[in-house]
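For reference, the structure discussed in these notes is given below.
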Number of protein chains: 4
Amino acid sequence: MEKREVLTSIKDERLIQERRMQMVKGAVNLFKEKGFHRTTTREIAKSSGFSIGTLYEYIQSKEDVLYLVCDSIYDEVQERLEQEIKVDGYTIEGLKKAIERYFKVIDELQDEVLVMYQEAKSLSKDALPYVLKKELEMVGMFEQLIKGCISNHQFILNEKESELLAHHIFVQGQMWAFRRWWLQQHYSLKEYTEMQLKFLLKDFSEQPVL
Amino acid sequence: MEKREVLTSIKDERLIQERRMQMVKGAVNLFKEKGFHRTTTREIAKSSGFSIGTLYEYIQSKEDVLYLVCDSIYDEVQERLEQEIKVDGYTIEGLKKAIERYFKVIDELQDEVLVMYQEAKSLSKDALPYVLKKELEMVGMFEQLIKGCISNHQFILNEKESELLAHHIFVQGQMWAFRRWWLQQHYSLKEYTEMQLKFLLKDFSEQPVL
Amino acid sequence: MEKREVLTSIKDERLIQERRMQMVKGAVNLFKEKGFHRTTTREIAKSSGFSIGTLYEYIQSKEDVLYLVCDSIYDEVQERLEQEIKVDGYTIEGLKKAIERYFKVIDELQDEVLVMYQEAKSLSKDALPYVLKKELEMVGMFEQLIKGCISNHQFILNEKESELLAHHIFVQGQMWAFRRWWLQQHYSLKEYTEMQLKFLLKDFSEQPVL
Amino acid sequence: MEKREVLTSIKDERLIQERRMQMVKGAVNLFKEKGFHRTTTREIAKSSGFSIGTLYEYIQSKEDVLYLVCDSIYDEVQERLEQEIKVDGYTIEGLKKAIERYFKVIDELQDEVLVMYQEAKSLSKDALPYVLKKELEMVGMFEQLIKGCISNHQFILNEKESELLAHHIFVQGQMWAFRRWWLQQHYSLKEYTEMQLKFLLKDFSEQPVL
DNA sequence: TATGAATGAGCATTCATTCAT
DNA sequence: CATGAATGAATGCTCATTCAT
C-alpha cells in the first residue's frame with residue numbers, strides 16, 4: 001500500500017516537507033493536551049508557526065493533519081525500532097532485547113503513542129486502513145523475529161501461536177502507554193519489562209517446548 | 001467512591017431510570033458509529049425517543065451522556081461477570097473459567113467496550129477518576145481470584161506478579177474488542193481464548209511452581 | 001383607566017389574590033438580583049412556593065408577572081404616601097413634609113423602585129400605558145399640593161411651572177434610588193432631603209415670589 | 001481607569017475601528033426598539049452589515065456589544081460637550097450656556113441616552129464600574145464649572161452643595177430623555193431648558209448669596 | 001386546583017474553510 | 001507563496017409554555 005496522498009497546492013517539495021514537519025510537531029502537542037476534536041485548526045496553525053491560510057495551502061482538511069500526525073508517529077516508532085533491532089540474531093536473547101527496546105521506544109514516545117491510539121478512530125474511511133497497515137507491519141517485525149527463533153530451534157510454536165505472540169508483545173508495549181495512569185505508578189519501566197518478559201517468554205527461556 | 005451524581009430536574013426516580021436507560025441505549029449506538037464528538041445532542045435525543053428539551057431535563061451537559069454510557073457499560077460487564085464467576089472455587093480451573101467467561105462477556109459487549117475505551121478520555125476531570133476506579137475494581141476481581149489460588153497453593157506468585165497478571169488478563173479481554181479488526185478475522189473467540197489461556201497460565205497448569 | 005386584567009383560569013378570587021401576592025413577593029427579590037430577563041419562570045414559581053404549572057394557572061405569560069410586580073409596587077408607594085400626606089394642609093411646610101415623606105418611602109422601597117424603573121420598558125405595549133398612568137397619578141399628587149399652596153398664596157407659579165416642579169420632586173425621589181451607587185455613599189437620607197428641599201423650594205421659603 | 005479591552009482576533013486596527021462603528025450604529029437602533037435582551041446577535045450582525053461569524057471576530061460575547069455601545073455613547077456626549085463648553089469663562093452666564101448645550105446634546109442623542117440608561121444594568125460586573133466612572137467624569141465637568149464660578153465669587157455654595165448641584169444638572173438632562181414620553185408632549189426643549197435654568201440657578205442669578 | 005414532565009423554537013457561540021489581496 | 005478577514009452551517013443548551021394526570 002502506497003502512502004496516502006495529502007493534496008497541496010504547493011509545488012516546492014522541500015517546503016512541503018518542512019511545513020508538514022512543523023505542523024505535525026505543533027499538532028501532536030495540542031492533540032496530547034486536548035485531543036483532536038477539541039483542537040482547532042487556528043491553534044494548529046499558530047503552534048506550527050504560520051497562518052491559517054498557509055496551513056490550508058499544505059492540507060485539504062483538518063483530518064489531513066491527523067493523518068499526517070499518525071503517519072509520522074508510526075514512522076518514528078518504526079524507524080527507531082528497526083535501528084535498534086537489526087543487530088541481534090534470531091535467538092531468544094535477541095527477541096528479549098528487541099522487546100526491551102520496543103518498550104523503551106514506547107516509553108520515550110508515550111504521549112505520541114497515546115495520541116495515535118485515541119484519535120486514530122477519527123481518521124476517515126480513507127486513511128484508516130493505511131494506518132492499520134502500518135500497525136501490522138510493526139507486528140510483522142516481531143513475527144519475523146519469532147519465526148526466526150523457531151527456525152533456529154529456539155522454541156516451538158505453530159503459525160497462529162507465533163502470530164498471537166507477536167500481537168501480544170505489541171499490545172503489551174502499548175499497554176505501557178495507555179494504562180500508564182496505573183502502571184507507571186506501580187512499576188518502573190525496568191520492572192515492567194522484566195515481568196513482561198517472564199510472562200511472555202518464560203516457557204521458552206529454559207528449553208525448547210515439546 | 002460513591003457514584004458521581006448527574007443532576008436532573010426530574011423528581012420521579014423511576015422515570016429517571018427509564019429515560020436514562022433509553023438515553024444510554026440510543027447514545028451507545030450513535031457513539032459506536034460516529035464517536036462522541038461527531039454525535040450531536042439532537043441525535044442522541046432522537047435516537048432515545050424524546051425531544052432535545054427532554055434530554056436536557058435528565059442531564060446537564062452532553063458529557064453527562066458519555067459518563068452515563070461508560071458507567072452503564074461497566075455496570076453491565078461487572079454484573080454479568082460477577083454472576084458467572086461466583087460459582088467456581090479458587091482453583092486454576094476456576095480461574096480459567098472466569099477468564100473464559102470474561103472473554104465471552106467482552107465478546108458480547110464489544111461495541112460498548114470499544115466505545116468506552118475510545119471515548120473515556122473525553123470525560124471531564126470530574127468523571128474520569130470514577131471510571132478509572134471502576135476499571136480497577138474489575139482488575140481487582142481477577143486479582144482476588146489469583147490470590148485465592150495462591151492461598152490454595154495452586155501456584156506461586158508474588159504480590160506484584162499477581163497484580164500484573166490480573167492486569168494482563170483484563171487487557172487481553174479488551175484487546176479482543178479493540179483489535180477485533182485483525183483478531184476476529186484470524187481467530188474465533190474459542191481459539192483466541194484457548195491460546196490466551198495457554199499464554200497466561202501455561203506455567204501453572206501442570207504443577208505448582210517452585 | 002381601569003386596571004389591566006391578567007387572565008387566570010382560577011375561579012376563587014381569594015386564592016388569586018393570595019397566589020399573586022406570593023408571586024410578586026418572590027419575583028421582586030429575583031428581579032432585584034438578576035433582572036426580569038435573566039429570571040426564569042421556574043425560579044419565580046419556586047421562590048413563590050408553588051410549581052411552574054400552578055404559576056401558569058394564575059398568569060398567561062411571564063410578562064404578566066412583571067406587570068403584577070410593577071402594579072404592586074406603585075400601589076404600595078402610593079398607598080404609603082397617601083397615608084402620610086393627607087394630614088398636612090396646603091402650606092409650604094406641608095409640601096416640605098410631603099416631600100420628606102416621599103423620599104422616606106422611596107428609601108424604604110428602593111429595591112422595588114429600582115426594579116420598576118429598570119424593567120418597566122419590558123412591559124408590552126399593552127401594559128406600559130397603564131404603568132405610566134400610575135406614575136402620572138403620583139406626580140399629580142404633588143401637583144395638587146403645589147396648586148393648593150398657590151391657591152393659599154404661599155407662592156406664585158404658573159401652570160407649567162407647577163407641573164414641572166411636581167415632576168422635579170418626583171424625579172429627585174427616584175434619583176435617590178437609581179443613583180444610590182453614588183448618592184448613598186456621599187449623603188445620608190437626611191442630608192439629601194435637606195439639600196433637595198433647599199434647591200427645590202428655597203425661593204419660596206421666605207416670601208412669595210413676585 | 002483605562003478603557004476596558006474588548007478582545008478581537010482581528011489584527012488590522014483600522015478595520016477594528018470601522019467594524020465596531022458599524023456594529024455600534026446597528027446595535028443602538030436595535031436596542032432602542034427592542035432592548036438588549038430581545039435583540040439577537042444575528043440581528044446585530046445583520047444590521048451591522050456583516051455575518052454572525054464576522055461579528056464574533058470583533059467581540060467575544062454579546063455583552064461586549066452593549067459595552068461598546070455604552071462606551072461610544074459616553075464618548076460622543078462628552079466629546080460634543082467639551083467642544084462646546086470650553087469657550088465660556090467661569091461665570092453664571094457660562095454655566096447657563098453649558099447647561100443649555102448639555103440639554104441640547106441630550107436632546108440630539110436621546111435615543112442613545114435612553115438605551116444606555118435602560119441597559120447599562122445588563123453590563124457585567126467587569127464593565128459596569130467603567131461606565132459609572134464615565135458618568136462621574138461628566139458630572140465632574142459641571143462640578144468644575146460650578147467651583148470655578150464660586151472661585152469667581154459668582155455665588156456661594158459649600159462643597160457638598162456644589163456636588164449635588166452638579167448631579168442635579170446631570171440628572172435633569174437625562175430626565176429630558178427618559179421622561180420624554182411626558183415631558184416632550186408638554187414642553188419644547190427651549191421651554192424645558194428655561195424652566196430648568198430658573199429652578200437650578202435662580203437664586204444665583206441676581207446677586208451672590210450671603 | 002395543583003403538579004411537573006414534555007416540548008421545540010430560539011439563541012449565543014464556534015470553527016472549518018475560502019479567497020481576495 | 002503567505003496572509004488573515006469573512007463566512008454561515010452547525011451545535012450545545014435554555015426556557016416559556018402546555019397538558020395529561
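Order of the sequence lines sets the chain letters (A, B, ...), proteins ahead of strands, with each chain counted from 1.
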* Sub-3.5 Å donor-acceptor pair from the side chain of B:Tyr67 to the main-chain atoms of B:Arg4, do we have one? -> yes
* Asked: Okay, side chain of B:Glu57, backbone of B:Ser9: is any donor-acceptor separation there less than 3.5 Å?
  -> no
* Taking the six-membered ring of A:Phe36 (Phe, Tyr or Trp), confirm whether the NZ or CZ of A:Lys62 is under 6.0 Å from its centre and within 45° of its axis. => yes
* To do: List in numerical order all residues of residues 8-22 of chain A for which some heavy atom is under 4.0 Å away from an atom belonging to DNA chain E.
  => none
* Base partner of E:dG10, which must satisfy Watson-Crick or wobble distances under 3.5 Å -> F:dC13
* To do: Once you apply the 3.5 Å cut-off to both distances, tell me the Watson-Crick or G-U wobble partner of E:dT21, or none.
  => F:dA2
Specify the separation, in whole Å, of atom [atom1] of [X] and atom [atom2] of [N].
X: B:Leu55; N: F:dT11; atom1: CG; atom2: C1'; value: 13 Å
X: C:Met23; N: E:dT1; atom1: CE; atom2: P; value: 14 Å
X: C:Arg38; N: E:dC11; atom1: CZ; atom2: P; value: 16 Å
X: C:Glu43; N: F:dC15; atom1: CD; atom2: C1'; value: 10 Å
X: D:Phe50; N: F:dG8; atom1: CZ; atom2: P; value: 13 Å
X: B:Lys46; N: F:dT11; atom1: NZ; atom2: P; value: 14 Å

* What is the per-nucleotide protein-contact pattern of nucleotides 16-21 of chain E, from the 5' end, where B denotes a base atom under 4.0 Å from a protein heavy atom, S denotes such proximity for sugar-phosphate atoms only, and - denotes neither? -> BBB---
* Asked: Think D:Thr54 has a side-chain N or O under 4.0 angstrom from the OP1 or OP2 of F:dA6?
  -> no
* Asked: What closest approach, in Å, do D:Leu66 and D:Glu119 show between heavy atoms, and which atom pair accounts for it?
  -> CD2-O, 3.4 Å
* How about C:Tyr117 and D:Phe178: are their ring centres within less than 6.0 Å of each other? -> no
* Residues two or more places apart in sequence or in another chain: which of them pass side chain to side chain donor-acceptor pair (under 3.5 Å) with A:Glu76? -> A:Arg80
* Quick one: which of B:Thr39, B:Ile44, B:Thr40 gives a side-chain contact (heavy atoms from CB on, under 4.5 Å) with B:Arg42? -> B:Thr40
* Hey, which sits more toward the 5' end of DNA chain E by its nearest nucleotide, B:Gly49 or D:Ile59? => B:Gly49
* What do the steps show when you test C:Arg38 against C:Glu33 for salt bridge (charged side-chain N to carboxylate O under 4.0 Å, His left out), and what is the final call? -> CA-CA 9 Å; C:Arg38 294 197 211 274; C:Glu33 273 174 58; over 6 Å; no
* Is it true that the side chains of B:Asp71 and B:Tyr130 contain a donor and an acceptor less than 3.5 Å apart? -> yes
